[in-house]
2 protein chains.
Amino acid sequence: MDETPTGPTGETEAEVRATATAPQKGTVTQRAIERIKGMISEGLLEPGQRLPTERDLAAQLGISRSSMREAIRALTVLGVLEARHGSGIYVTRLEAGDLLETFGVVADLTRGPRLVELLEVRRILESTATALAAARITPDRLAAVEKHLTAMNATDDPEEILAHDLAFHREIAVAAGNETMAAILDGLSSRTFRARVWRGYQEEGAFARTRREHAAIFRALAARDPEAARAAAAAHVGEVEEWLRSQVGPS
Amino acid sequence: MDETPTGPTGETEAEVRATATAPQKGTVTQRAIERIKGMISEGLLEPGQRLPTERDLAAQLGISRSSMREAIRALTVLGVLEARHGSGIYVTRLEAGDLLETFGVVADLTRGPRLVELLEVRRILESTATALAAARITPDRLAAVEKHLTAMNATDDPEEILAHDLAFHREIAVAAGNETMAAILDGLSSRTFRARVWRGYQEEGAFARTRREHAAIFRALAARDPEAARAAAAAHVGEVEEWLRSQVGPS
DNA sequence: TGGCCATAGTGGTCGGACCACATCGATGGC
DNA sequence: GCCATCGATGTGGTCCGACCACTATGGCCA
């Protein structure tokens, strides 16, 4: 797309300049990823903004469309970009939910002792979030929490229970007023992750205990008692954590 | 490339079977990503194991090598796979560090009010990690922490200070005995993230205060006092958090 | 005026070609 | 006999060009 090729392989002026500042570090695709990330963090690309076409981007960086597509795909999976077939490529809103969606992958692929550690992280965050929620929760949101609590107790279908269980904790996390924390907890409770752990846990007849713990959490929220809420949430997650610890590392 | 085309577009037998179980949900690349993720979570692919070649994988899923490469690239960026030029594609160890490396991207691209939330998450995790470290840290690791503390105080080069600052907290996180938490904190303290926030913070002459806070954290660790350690760490991160809050959302 | 449709532009997929690098075995010298 | 060297082979990395699927736009027709 440029005139005056400056080298035997036909690099454009722009490419030569880029090569001078960043001499072949890693693959061209990796460089393209860093480049686009850089454009965003430097403010050249705003959230929601549309990018040039794949073909144009590739030309600008002096690489092939294939390599550029790999870069775009990677950033898409990371929740940074969003490709709309027939329309164009856009920067996401870059909100917590967008960027932390990949956290689910971590939860799904973690195994062994690391799984216990992940649950420990969740215990720490969940207990704090619940304590914050107790201090800040609004009446209508508290009602929503109660709705999921009763719905959870009204059915025997494990699928439905799990769904309301997730929603129960999600409402609380949002009520804590920290969307980033809520997004992380969401990832740590991703559908497949919970199913993986809870299947075995609930098979040991832990339904009753789970219900009791949920009720305790709700009572603490209704009473606007942060300390009680923290304790209840920590105990709730801690129960599963301890069970999992015994499964993974039988001393 | 196959014989006996079974449809007007020339699908192979394998593709028809796959289509029957997973009817065109999303792009073929996305399907390939899910497929490989599934193979790993189901244990068909072990950590460290080598995968078939790109060409073979593409043939197995009935897609082109280009699409398969995009899938592999995405999983590589996510820290699930590792491609070694000339050798092959391998599953990573799937350890906390591998999978949580992408957390740095989140820290780098988060902005505005979400940045404060991210720092709040760090405060929660860091204070807990420091408390745990106070109870568990070994003498040699404590010595390593002290080394970074003194090195940090011995220089005026901001770059060097930052490096030792990072190492200081990293040693503590590792000493807490939860590699997953350490990996997350690592991501939340990624070089560019810290530089972005720290620059403005330190410009206000916060060096002295930072040193005092670090000293307090170390004293609590040396005294094996978890509560003091938690408080010191929380105050340390909280200082920055408050400053950032005033910068972002001037009420 | 309003809805429909041809069209241009975009991302999605494909196949093939070539290059750069790693690996390993054969070869040759010590 | 042993080890260093050097090829051959196979792998991921890059590029190209073509075509498909979808969207959006604008003009056309009722």
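Just so it is clear: chains get the letters A, B, ... in the order the sequence lines come, proteins before strands, and each one is counted from 1.
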Show your working on side-chain contact (heavy atoms from CB on, under 4.5 Å) between A/Glu171 and A/Arg141 and close with a plain yes or no.
-> CA-CA 7 Å; A/Glu171 283 287 344; A/Arg141 206 173 279 287; 3.1 Å; yes
Using the closest heavy atom to pick a nucleotide of DNA chain D for each, name whichever of B/Arg73 or B/Asp56 lands nearer the 5' end.
-> B/Asp56
Rounded to whole Å, how long is the line connecting atom [atom1] of [X] with atom [atom2] of [N]?
X: A/Arg84; N: C/dG11; atom1: CZ; atom2: C1'; answer: 13 Å
X: A/Tyr90; N: C/dG11; atom1: OH; atom2: C1'; answer: 11 Å
X: A/Leu51; N: C/dT10; atom1: CG; atom2: P; answer: 13 Å
X: A/Arg31; N: D/dT14; atom1: CZ; atom2: P; answer: 8 Å
X: A/Glu82; N: C/dG12; atom1: CD; atom2: C1'; answer: 16 Å
X: A/Leu57; N: C/dG11; atom1: CG; atom2: P; answer: 8 Å
X: B/Glu54; N: D/dT14; atom1: CD; atom2: P; answer: 10 Å
X: B/Arg69; N: C/dC14; atom1: CZ; atom2: C1'; answer: 15 Å

What nucleotide among [options] has an atom nearest to a side-chain atom of [X]?
X: B/Ile89; options: D/dT14, D/dG12, D/dT11; result: D/dG12
X: A/Arg50; options: C/dC14, C/dT10, D/dG12; result: C/dT10
X: B/Ser64; options: C/dA17, C/dC14, C/dG12; result: C/dC14

Using a cut-off of 4.0 Å on non-hydrogen atoms, how would the nucleic acid contact of B/Ile72 be classed: base, sugar-phosphate, or nothing?
-> nothing
With a 4.0 Å cut-off on heavy atoms, is A/Ser66 in touch with a base, just the backbone sugar-phosphate, or nothing at all?
->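 Base contact.
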Close side-chain approach of B/Leu94 to A/Arg114, heavy-atom, < 4.5 Å | no
Heavy-atom check, side chain of B/Asp165 versus side chain of B/Arg194, under 4.5 Å |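 Yes; the side chains approach each other to less than 4.5 Å.
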Salt bridge present between A/Arg31 and A/Glu34 (N-O < 4.0 angstrom) |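 No, A/Arg31 and A/Glu34 are not salt-bridged.
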Just by modelled atom types, is the B/Leu185 backbone N or O under 3.5 Å from a matching donor or acceptor in the B/Ser189 side chain?
->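 Side chain of B/Ser189 to backbone of B/Leu185: a pair is present.
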Look only at the side chain of B/Arg65 and the backbone of B/Leu57, and say whether a donor-acceptor pair between them is shorter than 3.5 Å.
-> no
Would you say the side chain of A/Arg65 and the base of C/dG12 hold a donor-acceptor pair, judged only by whether the two atoms sit under 3.5 Å apart?
->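 Result: at least one qualifying N/O pair found.
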Between the protein and nucleotides 19-21 of chain C, are there any N/O to N/O pairs under 3.5 Å, and if so, what are the atom names and distances?
from   : atom 1 : to      : atom 2 : distance (Å)
C/dA20 : N3     : B/His85 : NE2    : 2.8

Report yes if a side-chain nitrogen or oxygen of A/Thr29 is closer than 4.0 Å to either non-bridging phosphate oxygen (OP1 or OP2) of D/dT14; otherwise report no.
->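 So the side chain of A/Thr29 is within the cut-off, an N or O lying under 4.0 Å from OP1 or OP2 of D/dT14.
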Inter- and intrachain pairs under ring pair (Phe, Tyr, Trp, His ring centres under 6.0 Å), touching residues 164-200 of chain A, at least two apart = A/His148-A/His164, A/Phe168-A/His214, A/His169-A/His214, A/His169-A/His236, A/Trp198-A/Tyr201
